[in-house]
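These numbers come from a predicted model, not from an experiment. Here is the naming used below: chain letters follow the sequence lines, and residue numbers restart at 1 for every chain.
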Amino acid sequence: MQAVPYDHIDIEERWQKTWEQHALFQNMATTNQPGDDWLYLLFAFAYPSGQGLHVGHVESKTALDILARFNRMRGKKVFFPVGWDAFGLPAENYAVKTGVHPVETTRNAINTFRRQIKRIGISYDWEAEVATSHPGYYKWTQWLFLEFYKKGLAYQGNGMVNWCPSCQTVLANEQVVNGACERCDSEVTQKNMKQWFFKITEYKDELISGLDQVDWPEPTKQQQLNWIGKSEGASILFPLHSGDKQIGELEVYTTAHDTIFGCTFMVIAPEHELLARHKSAISNWEAVSRYIEKASSKTDLQRQTNKEKSGIEVVGISLRNPFTQESVPLFVADYVLANYGTGAIMAVPAHDERDREFATAHKLPIRSVVEGNPDFISYSKIKAQRSAFKLTSSGKYSGLDFEVGRRDMLQDAKLQGFGKKSTQYKLRDWLISRQRYWGAPIPIVYDPEGKPHPVKEEHLPWTLPTDVDFKPTGESPLTSSKAFKARVEKLYGKGWRPEYDTMDTFVDSSWYYLRYGSARDESQFADPTKLKEMLPVDFYMIGPEHIVLHLLYSRFFTKFLRDQGYLKFDEPFTKMRHQGMILGPDGKKMSKSKGNVINPDEIIEKFGADTLRIYEMFMGPIESDKPWDVSAVAGMYRFLQRMHAAILSQVGEQATNAHPEQQVVRRKLHQTITKVTADIPALKFNTALAALMECLNQFERSSRSSSVVLPKEEVVAWVQLLAPFAPFLAEELYQKIQNSPSQFISLHQSDWPQADPKLAAEEQFEIPIQVDGKVRARVQIAADKLLDEAFVIERAQADPVVQRWILGSKPTARYISGKILSFSTQV
RNA sequence: GCCUCGGUGGCGGAAUUGGUAUACGCGUCAGACUUAAAAUCUGAUGGUCCUAGACCUUGUGGGUUCGAGUCCCACCCGAGGCACCA
């Protein structure tokens with residue numbers, strides 16, 4: 001067949017314009033009717049970087065767009081909004097470097113993105129667009145802060161916080177990766193500062209249990225659980241002695257209280273308050289305080305990487321093992337963390353690797369409590385099967401297995417009042433203050449005494465001043481704004497000052513999916529009716545890098561707002577999947593420095609947006625990482641070219657009478673309808689496209705021997721199957737088939753085709769015949785005989801090849817109806 | 001160290017509940033068209049044995065089964081996350 005060239009540039013520009021003129025997918029939220037069957041599809045809104053759209057954006061956007069178009073054609077009311085996570089460091093850093101104001105950079109970047117997204121045919125509802133840096137949006141971010149504040153869930157805390165010396169700002173725990181800043185990789189230091197926190201720990205248990213309600217990838221749930229880090233153990237009180245006199249007690253948290261008879265020393269973190277409190281009883285205080293000093297100057301990373309565990313004995317005070325009354329020495333060491341558990345541990349060097357390293361380095365006794373293990377066995381091994389290990393050197397508990405001993409010891413400790421069950425979490429409250437400019441100002445003002453007060457609601461949005469020196473100095477840039485200070489004094493009185501910090505941008509993104517439905521509503525953060533009708537989000541497509549940040553924070557916001565009566569659901573994202581990463585042709589992560597970046601604009605120029613879309617969908621499963629294959633893109637272009645030629649060959653033709661080849665094509669087409677209809681909701685876009693290719697292959701093969709012309713409604717159906725994947729070409733072909741220039745009705749408004757099972761049914765089936773587990777032959781069976789076991793067996797036995805393999809035996813036959821026939825010659 | 005996900009042709013990948021392994025695409029080879037090349041079209045394409053036919057093949061080794069890419073056990077390799085969390 002001679003390919004009629006298809007002009008992707010003309011087609012794509014034309015239909016993009018037409019769809020926009022007809023506002024095809026717009027205004028969904030404002031034109032809905034009560035009782036509409038909503039499907040809320042959410043794309044993780046992106047930071048509008050100056051680089052513009054990259055191929056990774058195209059992948060997830062296209063996947064969602066396919067779902068949107070498919071479901072609209074299936075009669076669903078689809079809500080598919082778009083927005084911008086527009087506050088953030090890059091625009092600010094750029095401003096520091098060039099002096100161009102972030103407002104301008106951001107506006108330009110958004111315009112670029114908009115143009116590019118429209119070009120690839122994403123059917124967003126642009127009427128619901130939001131940008132977090134817009135006062136109309138951050139007014140409500142601030143309002144939400146005040147809601148948290150009113151309920152005591154936004155509070156000012158004093159303490160050690162993570163500080164990035166390069167970004168010149170504090171960071172949340174979630175933004176520290178391996179002791180380094182997740183943005184710039186600088187080593188994070190600790191700094192004592194007064195900062196604002198959100199009390200996410202209030203919801204720690206529900207953040208765990210809520211995961212049972214959602215359809216998320218299991219590994220993602222695991223990772224969140226890991227981050228929350230619930231651990232169940234016991235808290236034990238050790239009496240603290242100075243000489244023979246008890247002067248207090250030390251509480252430790254342990255998950256291995258059953259090894260307490262093996263405790264040969266105690267360790268507390270350098271920050272532990274006990275040290276300062278009992279300073280006078282410590283005879284080597286000078287040395288101890290020197291150690292504390294040294295430890296506090298180290299970063300977390302430095303503490304972790306120092307293998308030979310440092311520490312110093314605290315002389316003058318000691319502890320008593322509450323079970324044995326034995327005196328145990330106390331050490332300060334920085335391998336014990338101040339902010340986990342009680343900041344103090346009982347060290348059992350025979351069953352804990354870290355304690356053992358410390359004991360070895362400081363020549364401390366090691367005492368095993370596990371029978372038959374005089375040297376070392378880690379508690380994690382014991383924990384795996386407690387009943388398999390027996391206690392020894394453990395007083396009256398010796399001889400019991402750990403299961404029983406553990407229970408008895410805790411019971412006795414409880415009875416005597418020095419121990420109880422205890423649960424610990426790794427999750428910390430969320431630090432939201434940032435000493436940066438380009439974010440939403442924290443709506444707090446301070447009176448002349450320095451006491452914080454909420455900004456009055458009528459003063460929202462609490463706008464970001466513009467007369468600001470961006471240069472990071474460690475002080476918040478807003479400090480340099482005269483207008484900001486003047487505003488506060490004017491509104492609140494002389495001597496009052498604003499809070500100069502802005503909010504972490506993750507605060508902005510924790511609630512944007514609630515805003516979309518009420519994007520232009522100036523009276524409330526979200527219209528309750530919209531929330532009720534459209535939320536929760538039905539399907540969320542988001543990169544795996546957001547698991548412990550955005551997804552956890554959003555769940556926290558949702559639960560809080562539910563408790564305030566604004567929401568009626570517990571979890572914001574019912575179903576969620578991650579897109580994989582698109583790698584460079586070399587199989588490595590795309591980066592400018594490696595020179596392996598694929599620019600989507602170039603692909604669009606050369607092959608068109610439809611080709612770009614279907615190539616990315618065809619690369620492999622949406623959730624896995626896939627390398628770019630430059631020549632495979634051309635293969636997708638060929639497919640569209642051939643598709644174009646095939647459909648054009650049908651336009652204006654009369655369907656041929658039931659020619660056998662026509663029957664073959666029609667059968668294939670109806671099978672393809674079934675396959676594509678099942679694959680799209682399962683997100684198997686690669687196999688759906690493979691099916692479309694097979695269908696075209698069949699058509700071309702059949703067309704070679706005789707001219708095949710399909711009934712018009714089947715040609716339409718064929719184009720409809722292509723519509724979600726290659727919307728431009730499909731529209732072009734559809735309009736050619738319809739040939740009704742007077743009125744425009746889009747293909748994307750038409751009803752999804754239905755397969756006719758009669759037409760899809762095969763007449764003949766090939767049944768493989770196995771002999772002793774190996775396929776030896778295949779026999780053709782007519783459809784009406786397929787379930788007739790005796791007939792199939794008889795057929796198979798008549799086959800000469802089968803005969804040869806079962807010769808001289810009495811095989812037992814097993815027929816798996818319609819699938820396979822298996823002979824076994826073994827007795 | 002702990003948690004999780006993977007390992008199928010030269011490459012990306014496909015394979016309902018265990019039931020024809022390698023669909024579809026790329027690449028490669030051959031042919032048609034062309035003065036020639038590109039583009040396009042046609043055919044072949046997991047490996048071994050000269051061919052027929054057979055044997056081998058889903059990271060490795062075992063097991064269950066009439067039948068295993070799929071289930072079970074042990075191990076090897078790769079990716080991601082967490083990590084002095086007591």
Please report the shortest heavy-atom distance between [X] and [Y], naming the atom on each side.
{"X": "Leu821(A)", "Y": "Ile767(A)", "value": "N-CG2, 4.0 Å"}
{"X": "Ala760(A)", "Y": "Arg667(A)", "value": "O-CG, 3.4 Å"}
{"X": "Ala646(A)", "Y": "Leu696(A)", "value": "CB-CD1, 3.7 Å"}
{"X": "Arg778(A)", "Y": "Asp799(A)", "value": "O-OD2, 4.5 Å"}

May I ask you to check whether [X] and [Y] show a side-chain donor-acceptor distance below 3.5 Å?
{"X": "Tyr615(A)", "Y": "Asp629(A)", "answer": "no"}
{"X": "Thr611(A)", "Y": "His8(A)", "answer": "no"}
{"X": "Gln698(A)", "Y": "Arg701(A)", "answer": "yes"}

Rounded to the nearest angstrom, tell me the gap between atom [atom1] in [X] and atom [atom2] in [N].
{"X": "Lys626(A)", "N": "C26(B)", "atom1": "NZ", "atom2": "C1'", "result": "16 Å"}
{"X": "Met617(A)", "N": "A14(B)", "atom1": "CE", "atom2": "P", "result": "14 Å"}
{"X": "Lys606(A)", "N": "A39(B)", "atom1": "NZ", "atom2": "P", "result": "11 Å"}
{"X": "Tyr615(A)", "N": "G27(B)", "atom1": "OH", "atom2": "C1'", "result": "13 Å"}
{"X": "Gln641(A)", "N": "G25(B)", "atom1": "CD", "atom2": "C1'", "result": "16 Å"}
{"X": "Leu225(A)", "N": "U4(B)", "atom1": "CG", "atom2": "P", "result": "11 Å"}
{"X": "Met266(A)", "N": "A86(B)", "atom1": "CE", "atom2": "P", "result": "16 Å"}
{"X": "Met636(A)", "N": "C26(B)", "atom1": "CE", "atom2": "C1'", "result": "8 Å"}

Report task. On RNA chain B, check which nucleotide each of Ile820(A) and Lys675(A) is closest to and give me the residue with the more 5' one. Result ->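 Checking each residue's closest nucleotide, the 5'-ward one belongs to Lys675(A).
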Query raised in the report: Which comes earlier along RNA chain B counting from the 5' end, the contact point of Val771(A) or that of Gln222(A), where each point is its nearest nucleotide?
Result: Gln222(A)
For the [atom1] atom of [X] and the [atom2] atom of [Y], what is their distance to the nearest 0.5 Å?
{"X": "Lys230(A)", "Y": "Ile208(A)", "atom1": "NZ", "atom2": "CD1", "result": "5.0 Å"}
{"X": "Gln224(A)", "Y": "Trp216(A)", "atom1": "CD", "atom2": "CH2", "result": "4.5 Å"}
{"X": "His351(A)", "Y": "Arg356(A)", "atom1": "NE2", "atom2": "CZ", "result": "11.0 Å"}

If I pick the [atom1] atom on [M] and the same atom on [N], what distance separates them, to the nearest angstrom?
{"N": "U45(B)", "M": "U34(B)", "atom1": "C1'", "result": "26 Å"}
{"N": "C56(B)", "M": "C72(B)", "atom1": "C1'", "result": "25 Å"}
{"N": "G1(B)", "M": "G10(B)", "atom1": "C1'", "result": "39 Å"}
{"N": "U70(B)", "M": "C84(B)", "atom1": "P", "result": "38 Å"}
{"N": "G46(B)", "M": "C11(B)", "atom1": "C1'", "result": "13 Å"}
{"N": "G59(B)", "M": "G13(B)", "atom1": "P", "result": "14 Å"}
{"N": "C41(B)", "M": "G25(B)", "atom1": "P", "result": "11 Å"}
{"N": "U4(B)", "M": "A68(B)", "atom1": "P", "result": "28 Å"}

If you only use heavy atoms from C-beta on, which nucleotide in [options] is closest to the side chain of [X]?
{"X": "Glu694(A)", "options": "C24(B), C66(B), U20(B)", "answer": "C24(B)"}
{"X": "Tyr253(A)", "options": "G13(B), A86(B), C66(B)", "answer": "A86(B)"}
{"X": "Ile816(A)", "options": "G19(B), U42(B), C26(B)", "answer": "G19(B)"}
{"X": "Arg638(A)", "options": "G19(B), U4(B), U40(B)", "answer": "U40(B)"}

Query - Under-4.0 Å side-chain N/O to phosphate OP1/OP2 contact, Ser231(A) with A86(B) - result: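 Yes, because at least one side-chain N or O of Ser231(A) sits under 4.0 Å from OP1 or OP2 of A86(B).
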Query - Side-chain N or O of Arg814(A) closer than 4.0 Å to phosphate OP1/OP2 of G18(B) - result: no
Report summary line: Per the under-4.0 Å heavy-atom filter, residues of residues 679-691 of chain A near RNA chain B come out as Lys684(A), Asn686(A), Thr687(A), Ala690(A)
Query raised in the report: Among residues 337-350 of chain A, which residues get a heavy atom nearer than 4.0 Å to RNA chain B?
Result: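 Under 4.0 Å from RNA chain B: Leu337(A), Tyr340(A), Ile345(A).
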Considering every strand and a 4.0 Å limit on heavy-atom distances, what is the contact class for [X]: base, sugar-phosphate, or nothing?
{"X": "Pro621(A)", "answer": "sugar-phosphate"}
{"X": "Asn697(A)", "answer": "sugar-phosphate"}
{"X": "Val336(A)", "answer": "base"}
{"X": "Ser822(A)", "answer": "base"}
{"X": "Glu766(A)", "answer": "base"}
{"X": "Gly229(A)", "answer": "nothing"}

Query raised in the report: Any donor-acceptor pair under 3.5 Å between the side chain of Gln770(A) and the base of G19(B)?
Result: yes
Query - Heavy-atom protein contacts under 4.0 Å, nucleotides 54-64 of chain B, coded B base, S sugar-phosphate only, - none - result: SSS--------
Does [Y] offer a backbone N or O that forms a donor-acceptor pair with the side chain of [X] under 3.5 Å?
{"X": "His272(A)", "Y": "Leu274(A)", "result": "yes"}
{"X": "Gln803(A)", "Y": "Gln797(A)", "result": "yes"}
{"X": "Tyr815(A)", "Y": "Ile793(A)", "result": "no"}
{"X": "Asp258(A)", "Y": "Arg406(A)", "result": "no"}

Report task. Apply salt bridge (charged side-chain N to carboxylate O under 4.0 Å, His left out) to Glu545(A) and list each qualifying residue two or more places apart in sequence or on a separate chain. Result -> none
Query raised in the report: Which label fits G18(B), syn or anti, where anti is any glycosidic angle not within 90° of 0?
Result: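 Chi for G18(B) falls in the anti range.
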Query raised in the report: Mind checking whether Phe699(A) and Trp718(A) have ring centres under 6.0 Å apart?
Result: yes
Query raised in the report: Taking the inter-plane angle between the rings of Phe323(A) and Phe418(A) on a 0 to 90° scale, is it parallel (under 30°), tilted (30 to 60°) or perpendicular (over 60°)?
Result: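 The arrangement is perpendicular - the two ring planes meet at more than 60°.
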Query - Beyond-backbone contact of Lys668(A) with Gln671(A), side-chain heavy atoms, under 4.5 angstrom - result: yes
Query raised in the report: Heavy-atom distance under 4.5 Å between the side chains of Ile680(A) and Phe685(A), does that happen here?
Result: yes
Show me the protein contacts with nucleotides 76-82 of chain B, counting only N or O atoms at under 3.5 Å.
from	atom 1	to	atom 2	distance (Å)
G81(B)	O2'	Gln223(A)	NE2	3.1

**Report entry** Intra- and inter-strand pairs of RNA chain B in dot-bracket (Watson-Crick or G-U wobble, both distances under 3.5 Å; | for another strand)
**Finding:** (((((((..(((......[....)))((((((.......))))))((((...))))..(((((..]....))))))))))))....
Report task. Can you establish whether the number of heavy atoms outside Gln780(A) located under 6.0 Å from its atom CD is more than 12? Result -> yes
